[in-house]
**Q** 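Sharing a structure below in structure tokens format, with a few things to ask.
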Amino acid sequence: MPRCEHADELDLSIGSIATSLRAISDAIRQCADRIDTTATKGNDNNVESRMQLQRALRLICKTADTPGAKVVFAGVGKSYLVGRKLAATMTSVGTPALCIHATEAVHGDLGIVNPTDCVVLLSYSGATSEVVRLASVLRATTTTTTISSSSGRRPYLVGMSGAAMMMDSPLGTLCDAWIDCKVDAELSTVVCAPTTSSSLTLAMGDAISMLLMARRNFGPSDFLRNHPGGQLGHD
């Protein structure tokens with residue numbers, strides 16, 4: 001294992017970290033440019049990203065405005081962990097949300113999903129087999145299943161991916177809307193560990209949570225009610 005004991009080695013290490021942070025910042029900025037109104041003109045992919053995000057936001061906002069409904073994040077691996085954080089943030093600022101593991105979901109955890117919910121399916125590749133299977137099960141929901149309403153309504157399905165546009169992936173073909181979190185590359189050139197893509201997904205999810213918070217006029221007193229412990233709600 002490399003050792004970082006001398007000042008010049010530490011300087012190199014800090015420089016490497018700074019480079020990584022800039023790469024993550026650039027990926028977030030590029031995503032912002034893709035969905036920005038002025039930047040989408042003349043680029044079909046950008047227009048598609050913006051249109052799909054608009055549709056996703058309509059479904060998420062409709063869910064947030066429906067009494068008793070919630071946003072359900074789902075994924076496996078690092079995507080599941082990202083989903084847990086996003087659900088925690090969303091809940092803390094006024095929109096009920098939770099996260100389920102895609103594997104456990106098809107072994108009983110689907111019982112927590114209601115027909116008025118919106119399920120946000122997280123997959124770096126857009127082809128994760130467990131997530132695709134979950135989407136397929138949810139999409140095929142009929143009035144004979146436990147998570148369906150008498151009217152045949154099923155949960156909204158929104159895909160959130162770091163590597164694929166909606167119609168370019170198995171997951172995308174099953175979703176009602178798509179949130180583009182595409183990145184050009186992860187931080188490492190040696191292994192494809194989710195780094196840039198997971199950071200962008202977190203940033204996008206947090207931005208959506210802030211939008212939902214603003215829509216419901218969620219303020220300091222509301223935040224304190226959800227954060228009676230610790231210092232956050234008292235600041």
Side-chain angles (χ1 to χ4, degrees), residues 24-25 27-37 49-102 112-114 116-124 131 155-162 166 175-183 194-235:
I24 292 172
S25 177
I28 294 173
R29 188 177 296 106
Q30 288 166 10
C31 181
D33 288 342
R34 286 199 299 272
I35 63 174
D36 184 69
T37 307
S49 292
R50 180 177 172 80
M51 290 177 59
Q52 284 301 326
L53 178 58
Q54 288 176 334
R55 179 164 177 76
L57 291 176
R58 281 197 294 269
L59 299 182
I60 292 172
C61 288
K62 184 175 182 179
T63 301
D65 293 341
T66 301
K70 61 186 175 295
V71 178
V72 179
F73 293 90
V76 298
K78 307 296 187 297
S79 293
Y80 168 69
L81 298 175
V82 169
R84 287 182 61 183
K85 190 276 177 188
L86 294 180
T89 297
M90 194 170 284
T91 298
S92 73
V93 295
T95 299
L98 55 83
C99 183
I100 58 176
H101 195 282
I112 204 168
V113 180
N114 295 318
T116 54
D117 292 342
C118 178
V119 180
V120 180
L121 299 140
L122 306 173
S123 170
Y124 167 78
V131 180
Y156 297 127
L157 304 181
V158 174
M160 199 168 183
S161 177
M166 183 171 183
C175 290
D176 302 306
W178 196 251
I179 300 176
D180 171 19
C181 291
K182 185 180 184 301
V183 298
T195 46
T196 311
S197 60
S198 57
S199 296
L200 174 57
T201 303
L202 280 169
M204 176 67 81
D206 283 346
I208 292 172
S209 290
M210 295 301 99
L211 171 67
L212 295 174
M213 183 182 76
R215 288 182 75 252
R216 63 174 64 236
N217 295 316
F218 189 93
S221 61
D222 303 303
F223 193 61
L224 178 59
R225 184 175 61 250
N226 289 350
H227 284 265
Q231 190 61 34
L232 281 180
H234 300 271
D235 291 338

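Nothing fancy with the numbering, it's 1 onward along the sequence. Fair warning: this is a prediction, and the values are worked out from it, not measured in the lab.
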**Q** If you define the side chain from C-beta out and look only at heavy atoms, does anything of Ile208 sit under 4.5 Å from Leu57?
**A** yes

**Q** Roughly how far, to the nearest 0.5 Å, is NZ of Lys62 from OG1 of Thr116?
**A** 10.5 Å

**Q** Not counting sequence neighbours, list each pair that qualifies as a salt bridge (charged side-chain N to carboxylate O under 4.0 Å, His left out) and has a residue in residues 75-99.
**A** Lys85-Asp206

**Q** If every non-hydrogen atom of His101 is compared with every non-hydrogen atom of Tyr80, which pair is closest and at what distance?
**A** N-CE1, 3.5 Å

**Q** Within the side chain of Thr89, is there an N or O that forms a donor-acceptor pair under 3.5 Å with the backbone of Leu86?
**A** no

**Q** Would a 4.5 Å heavy-atom cut-off, applied to side chains only, mark Leu98 and Lys70 as touching?
**A** yes

**Q** Does Arg55 reach the main-chain N or O of Asp176 with its side chain, forming a donor-acceptor pair under 3.5 Å?
**A** yes

**Q** Any heavy-atom pair between the side chains of Phe223 and Val93 that's under 4.5 Å?
**A** yes

**Q** Mind listing the closest non-hydrogen atom pair of Leu122 and Val131 along with its distance?
**A** O-CG2, 3.7 Å

**Q** Ser123 side chain to Ser161 main-chain N or O, any donor-acceptor pair under 3.5 Å?
**A** no

**Q** Apply side chain to side chain contact (heavy atoms under 4.5 Å, CB included) to Ile60 and Thr95, showing your working.
**A** CA-CA 10 Å; Ile60 292 172; Thr95 299; over 6 Å; no

**Q** With sequence neighbours excluded, tell me which residues meet side-chain contact (heavy atoms from CB on, under 4.5 Å) with Asn226.
**A** Phe218

**Q** Are Pro155 and Asn114 packed together at the side-chain level, in the sense that at least one heavy-atom pair is separated by less than 4.5 angstrom?
**A** no

**Q** OG of Ser209 to CE of Met213: how many Å apart, nearest 0.5 Å?
**A** 9.0 Å

**Q** Give the C-alpha distance, both sets of side-chain angles, the deciding distance and a yes or no for side chain to side chain contact (heavy atoms under 4.5 Å, CB included) between Gln30 and Leu200.
**A** CA-CA 10 Å; Gln30 288 166 10; Leu200 174 57; over 6 Å; no

**Q** Checking side-chain contact (heavy atoms from CB on, under 4.5 Å) between Cys175 and each of Val119, Val120, Leu121, which is the one that passes?
**A** Leu121

**Q** Identify the two heavy atoms, one from Met160 and one from Gly205, that lie closest to each other, and give their separation to 0.1 Å.
**A** CE-N, 3.8 Å

**Q** Rounded to the nearest 0.5 Å, how far does CE of Met210 lie from CZ of Arg215?
**A** 14.0 Å

**Q** Is the side chain of Arg216 donor-acceptor paired with the backbone N or O of Ala64 at a distance under 3.5 Å, no angle test?
**A** yes

**Q** Give the minimum heavy-atom separation between Asp36 and Arg50, together with the two atoms involved.
**A** C-NH1, 4.1 Å

**Q** Taking all non-hydrogen atoms of both residues, which atom of Leu59 and which atom of Ala177 are closest, and how far apart?
**A** CD1-CB, 4.1 Å

**Q** What's the shortest heavy-atom distance between Ser197 and Tyr124, and which atoms?
**A** OG-CD1, 3.3 Å

**Q** Can you measure from OG (Ser49) to CG (Leu53) and round to the nearest 0.5 angstrom?
**A** 8.5 Å

**Q** So how far is it from Gln52 CD to Asp180 CG, rounded to the nearest 0.5 Å?
**A** 10.0 Å

**Q** Determine whether a donor-acceptor pair (N or O, by modelled atom type, separation under 3.5 Å) exists between the side chain of Asp222 and the backbone of Gly219.
**A** yes

